[in-house]
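Working notes, structure below.
Basis for what follows: all heavy atoms, side chains included, without hydrogens, waters or symmetry-related copies. Quick note on labels: first sequence line is chain A, next is B, and so on, each numbered from 1.
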There are 2 protein chains.
Amino acid sequence: MQTRTRQQTDPASDDRPGTRERIVRAASTLMQRQGYDGTGIKQIAQEAGATLGSVYHFFPGGKQELAVAAVHRGDEEFTDILGETLAGEGTLAEVLGALTRSLADGLRESGWTDGCPVTATSLGTAARFPDIQRAAAEAFTRWQGLVSERLIASGTAEETARELAVTVISTLEGAELAAQVCQDERPLLLAGRHLAELIALHER
Amino acid sequence: MQTRTRQQTDPASDDRPGTRERIVRAASTLMQRQGYDGTGIKQIAQEAGATLGSVYHFFPGGKQELAVAAVHRGDEEFTDILGETLAGEGTLAEVLGALTRSLADGLRESGWTDGCPVTATSLGTAARFPDIQRAAAEAFTRWQGLVSERLIASGTAEETARELAVTVISTLEGAELAAQVCQDERPLLLAGRHLAELIALHER
DNA sequence: GTCTATAACTCGATAGAC
DNA sequence: GTCTATCGAGTTATAGAC
């Protein structure tokens, strides 16, 4: 899901992150917007304020290795957000409402361009690049696991929780997609409400 | 969502569809698998058994016009499937189970490559090509409308039905995405079950 | 580690014969 | 309507100076 806070990429500013870090960020952001094939390595280098030589120095595997790093980065970012959100106060319904609200805000503020970096980077590449597919699958599985743990902790039966968690991630992902495609935040907000209802149905 | 039945593309067979039709089918199928930027016009021409000259004869607007036609085709195909499924016998729960089952079968049989043609073609292109974004948004809206009508017909209140329909499409779309990414049909099957529960909750 | 130059290739699109 | 040839610009990736 979309998680990135728009950041400074001023190539002239001091004490900025290291070159490798800037390259990964640029790759993740650009592939989130334009997908794997729509993003060029030269564009990544330029956005990162690095040269082509530096990109291949840190990522000798080329574009494919860069995409795997970008997916891992997207995974980590949303894992952090999801973890913090789920650990926050409030009922699960409130937590889901805050999460979808936040995703909707970020998506709208980006002009509906910045959706889920994992999805955008991996979709259409799975058949050609198994490494990218694997990284994306790991992300989805990790997110499902986080939701599942929270459901179990709040009293849902284990098997039920694992199943519900899969649908929670599917629905969040699909709602962000629908919001992006329709350029309308309602799918995300409705997903938050309906998921809360679905979960309440299974709580004891 | 993924709807296509694998079809003959034998370039030598007789009484096959016209050139324009073959080009649209090839464009839709290839962009469904590889996305807009991952699919070349030459590849489309070859898969369609046509020449580059023919492609530009029927689609003078080039790749962009071809992508819009491909999205419209994907829209029509799933609109037909959804319409027939919803009009079929059985409770809405049964109907959703059959639909997700069918989507899962198609996805698995394609080796997890053929997801939703509308999503795959439009994701990552919205900012650059408003025509493609618009065609994709129309598809999502149409599908939501179909589900909404069926919900209203089976006794759900109008506003409730419209809202539920949005989440039904979001969840189906997200579950197909999750199934594709994880190469596992369970997200789709669970989505069918959970959506049935959610809808039952709102029936009177 | 960073930079430039370039090799090797593919892309979308066009022109014009048939 | 169909075909081939090709243009110009773009791509990924590499080589080698600094």
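A:R128 has its CZ atom 12 Å from the P atom of D:dT12, to the nearest Å.
Looking only at atom types and distance, the side chain of B:T119 has a donor-acceptor partner in the side chain of B:E173 under 3.5 Å away. One side chain, B:E197 or A:H202, offers a donor N or O that lies under 3.5 Å from an acceptor on the other.
Two residues are said to be in side-chain contact when any heavy atoms from C-beta on lie closer than 4.5 Å; B:E109 and B:D105 meet this criterion.
Applying the salt bridge (charged side-chain N to carboxylate O under 4.0 Å, His left out) rule to pairs touching residues 122-131 of chain A yields A:D37-A:R128, A:D131-A:R134, sequence neighbours excluded.
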Subject >> Under 4.0 Å protein heavy-atom contact, by nucleotide of nucleotides 2-18 of chain C - B base, S sugar-phosphate only >> reply: BB-------BBBB----
Subject >> B:Y56 vs B:I41, side-chain contact (heavy atoms from CB on, under 4.5 Å): CA-CA, chis, key distance, verdict >> reply: CA-CA 9 Å; B:Y56 279 97; B:I41 293 196; 3.2 Å; yes
